[in-house]
Amino acid sequence: MALSFSLSPSCLNTSMASGSASLMWFRKGLRIHDNPALEFASKGSNYLFPVFVIDPHYMESDPNAFSPGSTRSGLNRIRFLLESLVDIDLSLKKLGSRLLVLKGEPSQVLIRCLKEWDVKRLCFEYDTEPYYQDLDAKVKNYASAAGIEVFSPVSHTLFSPSDIIQKNGGKSPLSYQSFMKIAGQPSWASSPLSTVITSLPPVGSLRSCEISEVPTIKELGYEDIKQEELTPFRGGESEALKRLTEAIRDKEWVAKFEKPKGDPSAFLRPATSVLSPYLKFGCLSSRYFYQCLQDIYKNVQHTSPPVSLLGQLLWRDFFYTVAFGTPNFDQMRGNRICKQIPWKDNDELLAAWREARTGFPWIDAIMVQLCQWGWMHHLARHSVACFLTRGDLFVHWEKGRDVFERLLIDSDWAINNGNWLWLSCSSFFYQYNRIYSPISFGKKYDPNGDYIRHFLPVLKDMPKEYIYEPWTAPQSIQIRANCIIGKDYPKPVVSHDSASKECKGKMAQAYALNQKLNGLVSEEDLRNLRRKLDEEQKHEVKTKRQRKLPIGN
DNA sequence: GCATTGTTGACGAT
DNA sequence: ATCGTCAACAATGC
């Protein structure tokens, strides 16, 4: 199908003076197709400078991090980004241009480029994340003072988050249904107009700016890591379009797609499209994806949002909108939509979870897949997120969020935080009595435990009767399976039955407090509740011990 | 105030 | 495979 997006005529001012230069600043939106900023930058300019800035904060090796990578990102995602940059560089070269890679604090680098190259027009995709809101404000301030035209279109999402918030009376909708009601159809949904870029203006003189090619992982200062320990997913627009074509070739699969029915244990052929990392970096346009889906839907009976494939794109927009409209969205404190809950500060439990040694094979296998692939099925994410927070360990969702943010190749600020709020029953979803069992949830999809055997080879010879609960295997079986529990594979860090019961009790008390104080729970209120819960637990342990004592002693 | 709804729980009965 | 039960939440709409 043709790429078909129109820009409103007012955006297309082609009467620029000759000799003018435009700068296209790539951040997300690492694609040529459906890229309004790139298109606008290339129109009516004699020179085009396509720039990507390597932000040391994001890219520089950090030996103190808990996994290989920078302070903010694991190596898998850094590599995915570099692959995406190589791909866009190749595409630009085919169009008579190239990618100019620079290093440094992005606003400083950008401002220097604008001066040096006498840029008259600066184009970049609008970004709703707080980091870019701050950064972009600096760059825009400079540009407007210097008389540089700025074009910053919303093209990462289907809708403009600020439009939706405005339509909803200044607040973002807080449920999917209310979001859907307000959103309606995207403005561009039925305006097919092909805008395939066939050539680009040449890159002008670079003067004294230091430009490099896209660096390799090694050049960024990282050790080479064994291929088999890295993600099987390759970055880039070409790969994204290939994956999309493959996914939508099976029209029946697209029409019948129901997210909650997917199999989280499928790893040879994942149950979902795995387009999320490409959407995250903008290697794939969500709007192009949307139009491809509509193309298929119009001829066949199909599932509907929220469970359909289209529904997944709308979830993405939903979280982007709430995240944009909610101050302190990424933390509990000061977040008006987040329940205040006295989470435990327990680094040992957190480390056990993060390092895949909780002793629950289903949980640990998922965490290994996260570390190796940087991707796991949505329901697998639910399992481990629920386990860490309200289900078993009662560790703060922000801690789990940090681990996902670092390791996922598709980690996306709005969506990741939104889902952690959801799974921890801090917002959006509140039925804390519905807990995923770390034993039976995986078993119902994969009774043989093939997923566990693949990601936890230490358990590969454990009989299927015990693979979800290896600590219950008789010693003789453990010996035969070459896996002694407590030595080769850990014992469970908690008993799921008692831990989940305890969690439910804590959630009930925390909810009651939030309700009583109308959500205005102070640090002190939370401290008091935490103390109360600790005392109750001590008492509980004591009475249990007493019950165990032989009668008559 | 009350009924309904909410992307995806576990478990047991049919 | 589909249902009711368990125990039970908040937001929404009437």
Side-chain angles (χ1 to χ4, degrees), chain A residues 168-169 171-183 256-266 270-273 276 293 302-319 322 326 335-341 360 362-363 366 376-392 415 418-447 468-469 495-521:
Chain A
N168 194 44
K171 280 199 224 154
S172 71
L174 292 176
S175 76
Y176 189 80
Q177 295 306 332
S178 55
F179 171 81
M180 292 289 280
K181 260 187 225 160
I182 288 146
K256 290 187 173 160
F257 186 90
E258 275 184 80
K259 187 66 164 276
K261 291 201 176 155
D263 175 357
S265 71
T272 56
S273 64
S276 53
L293 290 177
H302 57 86
T303 52
S304 300
V307 297
S308 65
L309 214 44
L310 175 63
Q312 307 317 300
L313 280 178
L314 293 162
W315 276 110
R316 179 171 175 270
D317 264 59
F318 168 67
F319 283 127
V322 190
T326 308
N335 179 348
R336 66 181 166 82
I337 69 165
C338 181
K339 288 246 183 290
Q340 304 299 306
I341 293 167
F360 289 93
W362 172 246
I363 299 298
I366 294 168
M376 63 285 210
H377 187 274
H378 189 60
L379 290 177
R381 301 182 192 199
H382 278 214
S383 286
V384 295
C386 178
F387 184 85
L388 179 72
T389 58
R390 67 182 169 86
D392 292 83
I415 299 169
N419 277 309
W420 276 96
L421 283 164
W422 187 296
L423 260 298
S424 64
C425 281
S426 297
S427 196
F428 307 115
F429 176 81
Y430 307 96
Q431 286 174 263
Y432 56 76
N433 52 317
R434 292 193 187 170
I435 291 174
Y436 291 87
S437 161
I439 297 147
S440 45
F441 186 73
K443 209 188 270 180
K444 93 184 152 195
Y445 298 97
D446 179 18
Y468 285 87
E469 302 166 271
S495 142
H496 173 62
D497 282 347
S498 58
S500 59
K501 207 174 272 177
E502 225 173 82
C503 284
K504 279 187 221 175
K506 287 179 181 172
M507 290 299 281
Q509 296 211 35
Y511 269 42
L513 184 68
N514 277 267
Q515 195 170 48
K516 191 178 122 197
L517 300 176
N518 206 11
L520 298 169
V521 181

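A note on names: the letters A, B, ... follow the listed sequences, proteins ahead of strands, and every chain is numbered from 1.
Residue A:Ser178 places none of its side-chain N or O atoms closer than 4.0 Å to OP1 or OP2 of C:dA11. Put simply, A:Lys501 has no side-chain N or O that comes within less than 4.0 Å of OP1 or OP2 on C:dA7. For A:Gln431, no side-chain nitrogen or oxygen approaches OP1 or OP2 of B:dG6 to under 4.0 Å. Considering only side-chain N and O atoms, A:Gln515 lies nowhere under 4.0 angstrom from the phosphate OP1 or OP2 of C:dC9.
For B:dT7 and C:dA1, the P atoms lie 26 Å apart once the distance is rounded to whole Å. Nucleotides C:dA8 and C:dG4 are separated by 16 Å at their C1' atoms, to the nearest Å.
Side-chain atoms of A:Leu314 and A:Pro306, non-hydrogen and from C-beta on, never get closer than 4.5 Å to each other.
Checked options A:Tyr176, A:Phe179, A:Phe428; the residue passing with A:Trp315 is A:Tyr176 (criterion: ring-ring contact (aromatic ring centres under 6.0 Å, His included)).
A:Phe429 places its CZ atom 6 Å from the P atom of B:dG9, with the value rounded to the nearest Å. Across the protein-nucleic acid pair, A:Leu174 atom CG and C:dC9 atom P stand 20 Å apart, rounded to whole Å. If you measure from atom CZ of A:Phe318 to atom C1' of C:dA11, you get 12 Å, rounded to the nearest angstrom. Taking atom NZ on A:Lys444 and atom C1' on B:dG9, their separation rounds to 7 Å, with Å as the unit.
Residues A:Asp263 and A:His377 have side chains that never bring a donor and an acceptor to within less than 3.5 angstrom of each other.
A donor N or O paired with an acceptor N or O is found under 3.5 Å between the base of C:dA7 and the side-chain atoms of A:Asn433.
Figure legend. B:dT7 is base-paired to no nucleotide; pairs are counted as Watson-Crick or G-U wobble with both atom distances under 3.5 Å. Pair assignment for B:dG12: C:dC3, on the basis of Watson-Crick or G-U wobble contacts that are both within less than 3.5 Å.
The minimum heavy-atom distance linking A:Gly391 with A:Ile435 is given by the pair CA-CG2, 3.8 Å.
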